[in-house]
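Structure, as C-alpha cells:
All figures in this text were calculated on a predicted structure; none of them were measured in a lab.
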Amino acid sequence: MAKRLQAQRLDGIDYSPRVEFVQLAGEEADVVNLGQGFPDFSPPEFAVEAFQHAVSGDFMLNQYTKAFGYPPLTKILASFFGKLLGQEIDPLKNVLVTVGAHGALFTAFQALVDEGDEVIIIEPFFDCYEPMTLMAGGRPVFVSLKPSPTQKGEPDSSSNWQLDPTELASKFTSRTKAFILNTPNNPLGKVFSKEELELVASLCQQHDVVCISDEVYQWMVFDGFQHISIASLPGMWERTLTIGSAGKTFSVTGWKVGWVLGPDSLMKHLRTVHQNSIYHCATQGQAAVAQSFEREQLHFGRPSSYFVQLPQYIQRCRDHMIQSLQSMGFRPVTPQGSYFLITDISDFKNKMPDLPGAADEPYDRRFVKWMIKNKDESTLRAMDQKLQKWKAELTP
C-alpha cells in the first residue's frame, strides 16, 4: 500500500532486545536461556490442582465472568492485600484483574499518561516502561541508580545502588504525571528501603504525581530484606497503583493473570481502558488464582506457605549462579530480590575488546550475541558445564 500503515505512536519502539535475544537463542542448539523471567520448575501442587479443578469442575467457568475480575478473585485480593496495605479495599472499586502485570501496566499508561506528560523511570528498568510511555504520548525522564564504591575483592550488592536525592528531586517538574517504581527491581534485584520509598513518596506528594508501583517480585526477597509497598506509606494510597502478577506469585507465568490495586479516583480510568480493549480475562485462570490465594491466606507466614518456600528456593539458585559466574572471572551484583542479577564484564572486555557487531552497538549487547553464537569456546563450555551441574543439583 502507498499509504503509511503504522500509527505514529509506534515509531521508534518496534525493536526489543529481549525479543531479539530470545529469537537468537532459539535458532542455536543447546543454548541455556537465562534471560527471561519465568521459572523452569513446576508450580506448587495446590495451584496446579486449582487450575485442573477450574477446567474440569463448574462448566460455567468456561464462560465470561465480571469484566473487571472474577468475583472470588477480586474478593480475596481485596482481603489479602488490604491487610498488607492497611486499607479497606473494595473488591468492586479498588481491584482490576488484567491480562498479566504487563496488561496492568499498559492499561495504567493508557489511562493516565497524556500527550506531553513526563514519566520518571528509574534506570536500570524493565524494558516495557519506556515504549509504553511513548505509545501513550508521554516523555520518559530517566534517573539512574548509582553504585557505591566497594573495596577491591569485595562482592557488590544491589543494596549498594542508590538514587541521588538531589538528582531525583530535579527530575520532578510541573509536567511530571507519573513515577514508575519497581521493587524488587528488574533487572538489578534491588529492594527499595523504607527511607528510599519515603523520599519518593514525599516528592510524589509535593508535585502531585501518581506512583505506578510494579511489585510483581514482592515474594522473592532474600537475605532478610523486607518488601514494603509504597501504597502503605502515609498519604500514598490515594496516588498509587500497585501492580501484581499471579505468574510471579505462584510460578505460573503462562496463565497471564495480573491485577491493579488503587483508589477509585484512579481505578475508574483504568476500567474505562479495560472495558474498551481487553474487556475480560480468562475465567478459569482467575478461578485457579483465587483458590491459590485462599490457600495462601490460611498458611501465610508459616513454613508451609509458598511465599516462604519460593524465596528460599530462588535464593539457593541465586547463590549457585553467583558462584558459577565468579568462578569464570565475572563480578556479579548480588540481588536482594527477583529472578534476576547483573554482572560486571569489564575484565572480559579488557581481554576481548573487539567483539563482532555494529560500531555503535553497546558492548554488553554484542557480548550476549557472542556468547549465544560461540558457545563452543572452551570458557563457555566450562560455564555451561557448571550451570548444568548446579541445575542438576537443584532439581528435586
Side-chain angles (χ1 to χ4, degrees), residues 68 74 77-78 81-98 101 103-122 125-126 128-129 132-133 136-143 163 165 168-185 191-216 218 227-245 258-274:
F68 303 133
T74 57
L77 289 173
F81 286 99
K83 295 183 178 69
L84 296 179
L85 298 177
Q87 294 291 329
E88 287 290 333
I89 296 180
D90 186 324
L92 298 179
K93 295 182 178 180
N94 304 132
V95 183
L96 174 65
V97 178
T98 59
L105 287 163
F106 185 80
T107 301
F109 279 95
Q110 290 295 313
L112 302 179
V113 178
D114 215 344
E115 194 74 30
D117 286 343
E118 293 180 351
V119 177
I120 299 175
I121 301 173
I122 298 173
F125 57 87
F126 180 36
C128 78
Y129 300 153
M132 285 187 181
T133 298
R139 187 174 80 86
V141 175
F142 301 105
V143 59
L163 291 170
L168 177 62
S170 73
K171 302 296 182 178
F172 285 80
T173 73
S174 60
R175 297 179 299 278
T176 306
K177 185 65 171 292
F179 183 95
I180 311 305
L181 176 68
N182 180 209
T183 181
N185 171 272
V191 176
F192 284 80
S193 68
K194 184 177 181 182
E195 291 72 24
E196 292 170 313
L197 296 177
E198 287 174 338
L199 172 62
V200 170
S202 174
L203 290 167
C204 286
Q205 293 176 51
Q206 179 183 339
H207 294 275
D208 195 23
V209 169
V210 173
C211 181
I212 300 175
S213 189
D214 181 351
E215 302 182 13
V216 298
Q218 73 175 97
H227 170 78
I228 299 172
S229 292
I230 195 168
S232 68
L233 300 184
M236 285 305 291
W237 166 258
E238 295 82 2
R239 62 178 64 253
T240 301
L241 295 173
T242 304
I243 292 175
S245 162
W259 56 84
V260 192
L261 310 174
D264 187 50
S265 59
L266 297 176
M267 296 295 292
K268 63 183 180 181
H269 303 302
L270 274 71
R271 292 195 293 269
T272 299
V273 174
H274 184 88

Point to revise | The single option from Ile212, Thr133, Leu112 passing side chain to side chain contact (heavy atoms under 4.5 Å, CB included) against Val119 | key: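 The passing option is Thr133.
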Could you grab the distance from atom [atom1] of [X] to atom [atom2] of [Y], nearest 0.5 Å is fine?
X	Y	atom1	atom2	answer
Ile120	Cys204	CD1	SG	7.5 Å
Lys268	Asn94	NZ	CG	12.5 Å
Leu197	Glu195	CG	CD	9.0 Å
Thr107	Met267	OG1	CE	9.5 Å

Find out whether [X] and [Y] are in side-chain contact, i.e. whether some heavy atom of one side chain is under 4.5 Å from a heavy atom of the other.
X	Y	answer
Leu203	Val209	no
Thr242	Phe81	no
Ser229	Leu84	no
Phe179	Leu168	yes

Please list, chain by chain and in numerical order, all residues satisfying side-chain hydrogen bond (donor to acceptor under 3.5 Å, both in side chains) with [X], sequence neighbours excluded.
X	value
Glu196	Lys190, Ser193
Thr98	none
Lys194	none

[X]: side chain to side chain contact (heavy atoms under 4.5 Å, CB included) partners, not counting sequence neighbours:
X	value
Pro165	Leu199
Gln87	Leu85, Ile89, Trp237
Ser213	Leu181, Cys211, Glu215, Ile230, Thr240

Point to revise | Residue pairs involving residues 198-212 (criterion side chain to side chain donor-acceptor pair (under 3.5 Å); sequence neighbours excluded) | key: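 Passing the test, one end in residues 198-212: Asp208-Arg239.
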Test salt bridge (charged side-chain N to carboxylate O under 4.0 Å, His left out) applied to [X] - qualifying residues, sequence neighbours left out:
X	value
Lys177	Asp117
Asp90	none
Glu118	Arg139, Arg175

Practice item. Using ring pair (Phe, Tyr, Trp, His ring centres under 6.0 Å) as the criterion, list what pairs up with His227, not counting sequence neighbours. Key: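 If we apply the ring pair (Phe, Tyr, Trp, His ring centres under 6.0 Å) test to His227, skipping adjacent residues, there are no hits.
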Practice item. Only counting residues at least two apart or in another chain, list the ones meeting ring pair (Phe, Tyr, Trp, His ring centres under 6.0 Å) with Phe126. Key: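 Here the qualifying residues are His102, Tyr129.
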Practice item. Quick one: do Thr176 and Val141 satisfy side-chain contact (heavy atoms from CB on, under 4.5 Å)? Show the steps, please. Key: CA-CA 9 Å; Thr176 306; Val141 175; over 6 Å; no
Point to revise | Test item: Arg271 side-chain N/O and Lys93 main-chain N/O as donor-acceptor pair under 3.5 Å | key: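 Between the backbone of Lys93 and the side chain of Arg271 there is a qualifying donor-acceptor contact (under 3.5 Å).
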Point to revise | Short side-chain to backbone donor-acceptor contact, Asn182 and Pro184, under 3.5 Å | key: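 Confirmed, Asn182 side chain pairs with Pro184 backbone.
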Which heavy-atom pair separates [X] from [Y] by the least distance, and what is that distance?
X	Y	value
Gly138	Val113	CA-CG1, 3.7 Å
Phe68	Thr74	O-CG2, 4.0 Å
Leu241	Gly262	CD2-CA, 4.4 Å
Ala136	Phe109	CB-O, 3.7 Å
Ala101	Gly244	CB-O, 3.8 Å

**Study point:** Aromatic ring pairing Phe142/Phe125, orientation class (parallel under 30°, perpendicular over 60°, tilted between)
**Key:**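 It falls in the parallel class, under 30°.
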